[in-house]
Novice: 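If you scroll down you'll find the structure; I have some questions about it.
Here the structure is a predicted model, which means the values were calculated and not measured. Order of the sequence lines sets the chain letters (A, B, ...), proteins ahead of strands, with each chain counted from 1.
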Number of protein chains: 2
Amino acid sequence: MSHMGYGCLMAVDREHVLRSAAALLTRRATATMDEVAKAAGISRATLHRQFAGRDALVRALEELGIQECEAALDAARLDDDTAREAVRRLVREFESAAGLLGFLYTENQLFEGEEQNAGWARIDARIAALFRRGQQSGEFRIDLTPAWLTEALYGLFASGAWAVSEGRVAAKDFQYMIVELLLGGALRREES
Amino acid sequence: MSHMGYGCLMAVDREHVLRSAAALLTRRATATMDEVAKAAGISRATLHRQFAGRDALVRALEELGIQECEAALDAARLDDDTAREAVRRLVREFESAAGLLGFLYTENQLFEGEEQNAGWARIDARIAALFRRGQQSGEFRIDLTPAWLTEALYGLFASGAWAVSEGRVAAKDFQYMIVELLLGGALRREES
DNA sequence: CCCGCGTGAGACATGTATGTCTCATATGGG
DNA sequence: CCCATATGAGACATACATGTCTCACGCGGG
């Protein structure tokens with residue numbers, strides 16, 4: 001009876017394992033597969049049955065991160081309103097994914113050799129397009145390239161998440177600090 | 001004749017090894033001790049004679065990074081001029097150290113357990129003091145805390161260095177992009 | 001010329017994370 | 001009630017970086 005594929009009793013749900021792994025690896029990027037398994041409340045054997053290895057797990061987390069980003073981008077409705085309002089929504093929607101993103105961001109530097117997942121290029125393109133729209137509408141400065149503004153946003157997310165986890169910035173100020181610094185730099189001077 | 005301590009033939013010079021290691025680890029944070037040795041043009045044995053282990057090497061690199069930062073801070077003369085000019089000088093002086101800083105920044109997250117080197121706190125304090133001076137002089141906004149501005153500067157350095165190494169930003173624009181984005185956010189609106 | 005010192009090369013042991021396997025168990029469905 | 005299936009526990013081999021050691025070589029000084 002292999003026709004069911006999913007349903008049935010299906011003990012561990014992949015989703016929960018991924019969430020636990022994301023939460024743990026966000027804090028300790030070097031956590032062991034054993035620790036990941038414990039964090040998810042399953043045995044290392046079962047973890048390994050679902051993800052062929054640490055590599056596969058990280059790739060799956062990457063997929064998850066990409067999905068969350070694209071969902072956040074959808075929810076932020078980047079084409080509506082003024083560009084700066086869209087940026088605010090973007091930061092708001094991204095906050096919950098900031099931790100995972102930070103992990104993947106540094107983890108990607110270790111994949112150096114291989115080509116990176118095409119999903120990131122799509123996400124980069126959507127965010128860069130938002131900044132470009134803002135430039136064309138006259139809201140944003142044109143001397144800072146959309147590509148750089150995109151990278152800078154990532155960097156601010158990373159340091160923001162880090163600062164919060166270190167207690168140097170209050171969690172409730174996370175969005176405000178990032179948006180205000182980024183927009184203040186991206187908006188033209190004669191801005192409200 | 002142990003009274004010389006340094007001079008003599010003293011084959012490998014510690015400085016050169018550190019520089020090579022910094023250059024390599026900046027690109028590939030997971031490089032092997034063997035690769036580090038090869039990059040420095042010495043054998044693993046000799047490398048190990050100078051630095052008791054990978055840990056010791058990273059600590060030494062941390063010391064080097066701290067020294068470079070403090071030298072950059074001195075050279076930037078943070079107390080002179082307007083705060084924004086001081087920030088420009090700061091970014092300029094920091095550029096050459098950006099790669100090493102990026103490596104140490106992510107590496108520090110792995111030390112999570114142990115207390116971090118007091119040097120970083122000193123550096124943080126000096127930079128935060130600059131932002132605070134700018135706030136008190138009325139140049140900078142007061143709704144973004146000095147601590148956050150400091151962290152944000154680190155984040156922008158990291159993403160800037162990364163973007164340059166990935167070819168998304170031209171190396172010659174590195175300083176400009178960072179300074180303009182940061183200052184645009186830190187300066188009050190009615191700014192030149 | 002000989003000796004000492006630092007180096008390079010490599011063998012060897014170690015620790016650790018990982019991948020793989022087996023087996024007992026429990027749970028749920030037929 | 002019995003069986004299938006997935007899980008948990010643990011043993012086991014492997015790969016790899018690391019730490020340690022020995023030994024031969026070369027260079028410079030006495």
Novice: In terms of the nearest nucleotide of DNA chain D, which residue is placed more toward the 5' end: Arg54(B) or Ala45(B)?
Specialist: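 Between the two, 5'-proximity favours Arg54(B).
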Novice: Can you tell me how far P of dC12(D) sits from NE2 of His48(A), to the nearest Å?
Specialist: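 Distance, rounded to whole Å: 19 Å.
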Novice: Between dA17(D) atom P and Lys38(B) atom NZ, what is the distance in whole Å?
Specialist: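 Whole-Å distance recorded here is 12 Å.
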Novice: Go through dT18(C), dT7(C), dG8(D) for me and flag the one nearest to the Thr32(A) side chain.
Specialist: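 My answer, after comparing the listed nucleotides, is dT18(C).
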Novice: Would you say that Cys69(A) contacts Leu101(A) through its side chain, given a criterion of any heavy-atom pair below 4.5 Å between the two side chains?
Specialist: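 In contact.
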Novice: For Arg49(B), report the nucleic acid contact type (base, sugar-phosphate, nothing); a contact means any heavy atom under 4.0 Å.
Specialist: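 Base, at least one base heavy atom under 4.0 Å.
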Novice: Would you kindly give the CG-to-P distance between Asp13(B) and dT7(C), to the nearest whole Å?
Specialist: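 The distance from CG of Asp13(B) to P of dT7(C) comes to 11 Å, rounded to the nearest Å.
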Novice: List the atom of Asp80(B), the atom of Ala86(B), and the distance in Å for their closest heavy-atom pair.
Specialist: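 What the structure gives for the nearest pair is O-CB, 4.2 Å.
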Novice: Expressed as a whole number of angstroms, how long is the span from Ile42(A):CD1 to dA6(D):P?
Specialist: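 My rounded result for the distance is 14 Å.
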Novice: What is the distance, to the nearest angstrom, from the CG atom on Asp34(A) to the C1' atom on dA11(D)?
Specialist: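 To the nearest whole Å, that distance equals 14 Å.
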Novice: Looking at the base of dG19(D), is there any donor atom on it, or on the side chain of Arg44(B), that sits under 3.5 Å from an acceptor on the other one?
Specialist: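 By the distance-only test, yes, there is a pair.
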Novice: Measure CZ/Phe51(B) against C1'/dG19(D) and give the value in whole Å, please.
Specialist: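 Atom CZ in Phe51(B) sits about 17 Å away from atom C1' in dG19(D).
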Novice: OP1 or OP2 of dA9(C) less than 4.0 angstrom from a side-chain nitrogen or oxygen of Ser43(B), does that happen here?
Specialist: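 No, no such contact exists.
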Novice: Is the closest side-chain heavy-atom distance between Glu85(B) and Arg89(B) below 4.5 Å?
Specialist: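 The answer is yes; the side chains approach within 4.5 Å.
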Novice: What integer distance in Å separates Leu47(B):CG from dA9(C):P?
Specialist: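 So the CG-P distance, Leu47(B) to dA9(C), works out to 13 Å.
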Novice: Closest heavy-atom contact between Glu68(B) and Ala97(B)?
Specialist: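 Reported closest heavy-atom pair: OE1-CB, 3.7 Å.
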Novice: How many whole angstroms separate atom CE of Met33(A) from atom C1' of dG10(D)?
Specialist: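 In whole Å, dG10(D) C1' and Met33(A) CE are 17 Å from each other.
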